[in-house]
Structures are given as structure tokens and as C-alpha cells.
Amino acid sequence: MKHFLKLLDLSSEEIFELLDIAADLKYKQKNGIPHRYLEGKSVALIFQKASTRTRTSFEVGTYQLGGYGAFLNVNDMQIARGEPVQDTIRVLSRYFDCLMIRTFDQSYVEDLAKYGSIPIINGLTDFCHPTQVIADLLTIREYKGSLEGLKMCYIGDGNNMANSLTVGALKTGMKMSLVCPDDYRPPKEILDFAYGYGDKFEICSDPLKGAVDADVLVTDVWTSMGQEEESQKRMIAFEGYQINDAILSVAKKDAMVQHCLPAHRGEEITAEVFEAHANEIFDEAENRLHAHKAIMVAVTNTYRK
Ligand code: CP
Ligand code: NVA
């Protein structure tokens, strides 16, 4: 795997390989087994949006792998003063072995991969959040034993999380049910991909219908980073698109709940459901660390069993 830009680029085998590496690195970390696959390597970490989990798990993960993770404050860089992406990445390619970036446009991440000569990892764009979904799939597999045939139901905005979950779930043999208001469905590129999976994919605007018999319920914020000006409008559009007891009552009895965090209790999820499923949600957050380590060793081709 040369880059990690979006799950659409990865084969099912590559996704499963990442899950297996993440599970192995998690085992090694928990059991004190050295796994310094990034010894002597440096990873640049650029954030053009806020982050708690992604930033810290990449920093700590790089350290645990024996490498150096450099957080680059974009406001202190020449990027903020208009230095072109082509020049920035050609310079950083001379210093670093890998670059992770969180930004707005997917095209910026694709351009970094095009003009640079080091692996690029997408730490969230407006289009997708693929590192998160590797952690989600890892968590679901840990709880359920395998992914094949499980039904995932995502309720809420057809945003970056919905896009990556749809691709990740379908590519790993899960069924995907998307529940979004009509005006907030994922983009055509994602829907076209999903319709290719026939009856393994469904989309509707009724949460109680879409969640029937779900094994995994997932949601995300109604207002993503960069959409703050629309938040009032969104509060109205998403009313009712909430994971609550009524939704859980139509899902499978042992359904798990996932949320990438940060969560807004009383909006996309009730406080009661959040707390009842807190273990699953914080295991998911922990798995960001193991998933990110797997992605870094995969793209730098440094993993050895
Ligand atoms: N879920 C997630 O990406 O969290 P952060 O925004 O805190 O990185
Ligand atoms: N959809 C959210 C995810 C945050 C991790 C956002 O883009 O803000």
C-alpha cells in the first residue's frame, strides 16, 4: 500500500491486512513485546482542523513504534501564507518518511500524494475519514468475532464518516443501511459504489426502518468541522436522526453502538445510550492508536510479523 487516502482505493484484502496488523500491534503493545518498526523514521503530522484523538494517537503511536512524530502547526507554516502544495510536499519529502494530514478538500490530500515522494495518510477530509473506520472495523470484529454478514446501520449526516463507513462495511462483507435526511445523503461517488453491492446496501430516511435487526448502530455529529455557520439549520434538519432507546428496540438485542467522537449528547445520541455503550465507544477510541500504527507501518513497508 503506497498511500492511505481513502478506502475506495483499497482492496478488501488490504483492509483485512490492516485489521490483522492492528490486532498484532495491539497484542504486542499490551504484552510489552517490542515492535519498533519505525526506528529512525520521522512522520509529519499536519492539522488544518481541530483534533484530540487523531493527533495524540498518531503522536503516541509513532513513539511506540520507535519513530519521531512531528506535529506541524499549520498556522506557523508557509502553507498558511500561500506556499503551494507542490512545493511544500517536495520539501517535506526530503526530510520525512511519511506524512499524515487532516484538511478540508480531498483534492489537497490527493495532490500531496501526486507531487510528493513519501506515503500520505488521510487523517480526515470533508470527503472521508478512513483512519477512523479502520479502528471501527477492528472494534466491531473484536466484539462480534467476524464482520461477514453483520448489518451496520448509520444514522445521521451523509458526511465523511458515512462515506468511509459505507465503503469499509461493504468491502469487508457487512451489510450497510444508511439513514439520512433526503437532502443530506452521501455524494454520488459513494452511492454509486454502494449500489454495486445490490441488496447488501440500503438507504432510507426513516431511522426506525433502517435500524431493524442491525448488529451495529453508528452515528456522528450533525455539524462537522467547517460547517459551523449552518449549525442552526442542521439542528432542524437532523431532528429525530438520533440513536436512542426506540432505535435500539428495533435493532438486534446485542447490537453495539459506535461513535467516532466527539459526541453531542441529546443530539445524535442520547446520554443514556451513550453511557450504556461507553465501553464499546471508548474501545473504539483506543483502537485509533492501534489502527494508526498499522497504517503507518503498512505504508512505510516496515511491518514484519
Ligand atoms: N474521531 C476523531 O477523529 O477525533 P478527533 O477529531 O479528536 O481527532
Ligand atoms: N464528521 C466529523 C468527524 C469528526 C471526527 C467532522 O468532520 O467534524
Are [X] and [Y] within salt-bridge range, i.e. N to O under 4.0 Å?
{"X": "Lys253", "Y": "Asp215", "answer": "no"}
{"X": "Glu202", "Y": "Lys151", "answer": "yes"}
{"X": "Arg265", "Y": "Glu272", "answer": "no"}
{"X": "Glu142", "Y": "Lys26", "answer": "yes"}
{"X": "Asp20", "Y": "Arg141", "answer": "yes"}
{"X": "Glu286", "Y": "Lys30", "answer": "yes"}

(message) Does the structure place the NZ or CZ of Arg55 under 6.0 Å from the centre of the six-membered ring of Phe47, at an angle of no more than 45° from the ring's axis?
(response) no
(request) Find out whether the Lys NZ or Arg CZ of Lys175 is both under 6.0 angstrom from the six-membered ring centre of Phe201 and within 45° of the ring's axis. (result)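 Pair Lys175/Phe201 does not count as cation-pi.
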(request) Could you tell me whether a side-chain N or O of Thr219 sits under 3.5 Å from a main-chain N or O of Gly156, the two making a donor and an acceptor? (result)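 Not confirmed, Thr219 side chain does not pair with Gly156 backbone.
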(message) Quick one: does any side-chain atom of Glu284 pair with a main-chain N or O of His259 as donor and acceptor, under 3.5 Å?
(response) yes
Can you confirm whether [X] sits close enough to [Y] that some side-chain heavy atom of one is under 4.5 Å from a side-chain heavy atom of the other?
{"X": "Val133", "Y": "Gln258", "result": "no"}
{"X": "Leu5", "Y": "Ile120", "result": "yes"}
{"X": "Val218", "Y": "Ile155", "result": "no"}
{"X": "Ile281", "Y": "Phe274", "result": "yes"}
{"X": "Met100", "Y": "Ile295", "result": "no"}
{"X": "Val257", "Y": "Val273", "result": "yes"}

(message) Quick check: closest heavy atoms across Arg185 and Asp182, and the distance to 0.1 Å?
(response) CG-O, 3.6 Å
So, [X] and [Y]: side-chain donor and acceptor under 3.5 Å apart, yes or no?
{"X": "Lys171", "Y": "Tyr197", "value": "no"}
{"X": "Asn160", "Y": "Asp126", "value": "no"}
{"X": "Thr103", "Y": "Gln48", "value": "yes"}

(message) Counting the benzene-type ring for Trp, do Phe238 and Tyr184 have ring centres under 6.0 Å apart?
(response)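 Close enough - the centres of the two rings lie under 6.0 Å apart.
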(request) Would you please classify the geometry between the His292 ring and the Phe58 ring as parallel, tilted or perpendicular, with 30° and 60° separating the classes? (result) parallel
